[in-house]
Student: 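Please see the structure below; I have some questions.
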Amino acid sequence: MTTYPIPVTDRRDRAHTGAQTRRRAVPRLFLGEQTDARWLRPAFWLLLVVTAVVYLWDLSSSGYANSFYAAAVQAGTKSWEAFFFGSLDSSNFITVDKPPASLWVMALSARLFGFSSFSLLLPQALMAVASVALVWGTVRRTLGRVGTTTANVGALLAGFVVAATPAAALMFRFDNPDALLVLLMTTGAYCTVRALPRGSWRWIALAGVALGLAFLTKMLQGLLVLPAFGLVYLVAAHTSWGKRIVGLLIAAFSLVISAGWWIVAVWLWPASARPYIGGSTNNTVLDLVFGYNGLGRIFGGSGNGGGGGGTTGGTAGSSFGGSTGLNRLFSSEMGLEISWLLPAALIALALGVIVIGRQHLGDLPRAGLALWGGWLIVTGLVFSFMSGTIHPYYTVALVPAIAGLVGTGGALLWNARERVTGRLGLAAMTGITSYWGWCLLNENASWLPWLRWVILFGGLLSAAAIVIGSVPTLRKLVTVGVLAGTLFGLTGTTAYAFATTTVAHSGSIPSVGPSGSSSGGMGGGTGGTPGGSTAPGGSSSTSDSDSTQQGPGGTPPSGTSGEMPSGQKPSGEMGTPPGGSSSGSQSGTSDSSTDTTSDGGASSSGGMGDGGASTSSALEKLLRATDTTWAAAVDGSQSAAQLELDTNTPVMAIGGWSSDPAPTLAQFKAYVKHGEIAYYIASSNGGGMGGGSSTSSEIKKWVAANFTSTTVGGQTVYDLSSAK
């Protein structure tokens, strides 16, 4: 039975390997160990450099991407209080509906380089490079010496898969919290693996810190990997059972402290002296944790629509994430974002466990499979069956797990290629991946029509070569088949990921793919489900919660609302938001992002997620001339965010993102009485999510009854300094 020695990962191991073989820390970082193959570190650094170039290239093409978060970053550059709470405006009326960790990173970049599209998105792209490096390091350590060259190739393959997945290409060039979430979870995986050889409580404590910060990035979603990490340390750490339990307790304490300090600080802060906690029903973070951003996401309710926020009448399904079930990750937009190598990862997990055999529970390759497999299974099942709001881009959280399994399992199967199980496993990974890539590309037959056939026939021929290589005299065909099959298998996901990086994206539900592949629902960019037809593995569904029909691939058509709770209908129609102009241009966005798609779809800058349109010059001039606490008040965070970005002034978002009960009519009257709001801008579409709340309706009626309206840049504006 083949055994897998534990790699040298601890200073105390030097005595057994010869200290003279180890370089100092800095040279080792760039050159590796003296015993490493000469090509290893150059290949690793080449991978990072290529990732950086691709992800940083033309980074500003998306402008401010999701203006909801961009406005909060802008506010954080003006006010440290807004920075701390994650306020949407610099005068701290209301926060965004997520904890602020990702905003902190982007705001620090904007404070350092000045607020711009590039400084906003720069940290996101660099997080992609860091994630690639961490997955590479984690896989390399778990493979140990499963053939030194094999381990190194498997690690490089895993790192490449991270960069070449469309979901990663989308979200690591976007300002949603998901980029930081993935980086922190990957950091936790790396720290967990570092803790195994000696049962180090320090490394497992750092894993707890990483997951605590992931909680402050996107709350409970950051903890979906916790069962896998905890189980791997408990079973595979090379120390006594007692020390393992102590290590887990220390890690749990570290997680609670790193996640809880901000929650406690907000809880202790007087509510009257801080912004309203957006997304909550009672102005508390705990309501956000267990409701809107917690259990409500999984089971629906608490501001989350059943079946993903897009169903009525109790029907399971989602206008954003597809119907619930095991095929959700393979269907519609989700399939295009994440499923390219998902079948290969599942095969690698199942057969990798078989070829390892009955090794010790602390065997590092087994631990690697358990870590990545547990991550994939738990998170994948939650995404597949959760009934609350889910968007396709959430699947970026699966990227490291899929990459880790492909790299680890592929290396183990290659190492066992002399056995039937190893050869058949490699053939299955190659053939099925090529076929599934053909299925995905077949939905967009007009985009590189030859590519899908090259992938299909090349992959199937490679799989056949691996199988034929079972004949002793033809064993070299196995090597040829694996090399060719890897090339063909990676071509589809790489091409689609690269195409995604060449398209400008904005709005609250960005989508993947080449330019012109979709109408880009929700202002999510010109990418989307190719061809506008039924996606692989499932059918597009229809949501009637807002009496609109879905766009291609189960995505709402451009111009519909964002993360809309089930059954909640904004008042009025989706028309021009406050700001007047419907030109579709976005401040800080290149001209390319305002073009319509080739199939006549909406422009990438349109849609609720980014406020829809730029502000008229007349309204900009009016708001910039104010010196009140808030230049204006408007229904909904989307409209407020766009106004803030265009005018560089604080704007009160009545109702927040999801019809938050703030401000009440009495509070609004008090603000007006004390001269803290200069103007009220009426919205024909309710301004987004918050526009449908009873509070906003009451405020609108009161303003109309007591103040005289005027038209500025095509918008109805009320001067709150002079009553009728």
Side-chain angles (χ1 to χ4, degrees), residues 66-76 79 81-104 106-107 175-177 215-221 262-263 265-267 269 271-294 296-297 302-304 309 388-389 508 561-565 568 570 608-611 630 633-644 650-664 667-668 686-696 699:
N66 189 340
S67 64
F68 177 63
Y69 293 115
V73 172
Q74 182 189 55
S79 164
E81 183 178 350
F83 175 91
F84 177 78
F85 287 107
S87 300
L88 183 68
D89 62 281
S90 57
S91 293
N92 294 290
F93 170 68
I94 196 169
T95 71
V96 299
D97 62 344
K98 299 290 185 295
S102 65
L103 300 177
W104 293 340
M106 291 184 285
D175 56 343
N176 277 24
F215 181 87
L216 288 185
T217 302
K218 215 171 177 187
M219 292 194 167
L220 291 187
Q221 186 179 336
W262 183 80
I263 295 175
V266 175
W267 176 59
W269 208 295
S272 59
R274 61 163 172 79
Y276 184 92
I277 304 301
S280 69
T281 60
N282 58 4
N283 196 17
T284 66
V285 176
L286 290 180
D287 182 72
L288 206 61
V289 172
F290 296 105
Y292 180 73
N293 281 330
R297 295 270 165 173
S302 298
N304 289 274
T389 302
S508 60
S561 67
E563 209 164 290
M564 183 177 295
Q568 180 174 307
M608 288 295 298
D610 61 354
W630 291 279
V634 66
D635 288 345
S637 292
Q638 293 73 36
S639 297
Q642 192 64 52
L643 286 170
E644 289 178 25
V651 176
M652 178 182 289
I654 298 174
W657 172 266
S658 185
S659 298
D660 299 325
T664 64
Q667 290 171 332
F668 187 82
M689 297 290 295
S693 67
S694 58
T695 296
S696 62
I699 291 173

Student: Which atoms form the tightest heavy-atom contact between Ala641 and Leu88, and what is the distance?
Tutor: CB-CD1, 4.3 Å
Student: My understanding is that only one of Ile263, Ile277, Val266 makes a side-chain contact (heavy atoms from CB on, under 4.5 Å) with Leu288; could you say which?
Tutor: Ile277
Student: If only atom types and distance count, is the side chain of Trp630 paired as donor or acceptor with the main-chain N or O of Ala653 below 3.5 Å?
Tutor: no
Student: Quick one: closest heavy-atom pair of Ser508 and Asn66, and the distance?
Tutor: CA-ND2, 3.9 Å
Student: Measure the CG-CE distance between Asp97 and Met219 for me, rounded to the nearest 0.5 Å.
Tutor: 9.5 Å
Student: Do Thr695 and Phe668 make a side-chain contact, defined as non-hydrogen atoms from C-beta onward lying under 4.5 Å apart?
Tutor: no
Student: Looking only at non-hydrogen atoms, find the nearest pair between Thr281 and Pro661 and report the distance.
Tutor: O-CG, 3.8 Å
Student: Let me confirm one number: the OG1-CD1 distance from Thr664 to Ile654, rounded to the nearest 0.5 Å.
Tutor: 11.0 Å
Student: So do the side chains of Tyr69 and Pro177 get within less than 4.5 Å of each other, counting heavy atoms only?
Tutor: yes
Student: Is there a donor-acceptor pair under 3.5 Å between the side chain of Asp660 and the backbone N or O of Gly279?
Tutor: yes
Student: Mind checking the OG-CE spacing from Ser91 to Met652? Nearest 0.5 Å is all I need.
Tutor: 8.5 Å
Student: What are the two closest heavy atoms between Phe83 and Trp104, and how far apart are they?
Tutor: O-NE1, 2.7 Å
Student: Between Ser79 and Asn92, what is the shortest heavy-atom contact and its length?
Tutor: OG-ND2, 3.6 Å
Student: Measuring from Asn176:CG to Phe68:CZ, what's the distance to the nearest 0.5 Å?
Tutor: 10.0 Å
Student: Search all heavy atoms of Glu81 against all heavy atoms of Ser87 and return the closest pair with its distance.
Tutor: O-OG, 4.5 Å
Student: Taking Ser280 for its side chain and Val285 for its backbone only, find out whether a donor-acceptor pair lies under 3.5 Å.
Tutor: no
Student: Can you measure from CH2 (Trp262) to CZ (Phe85) and round to the nearest 0.5 angstrom?
Tutor: 8.0 Å
Student: So do Lys218 and Lys98 actually touch side chain to side chain, heavy atoms under 4.5 Å?
Tutor: yes
Student: So, the side chain of Trp267 versus the backbone of Thr284: is there a donor-acceptor pair under 3.5 Å, distance only?
Tutor: no
Student: Taking side chain as C-beta onward, heavy atoms only, is Leu220 less than 4.5 Å from Phe215?
Tutor: yes
Student: Between Asn283 and Arg274, is any pair of side-chain heavy atoms under 4.5 Å apart?
Tutor: yes
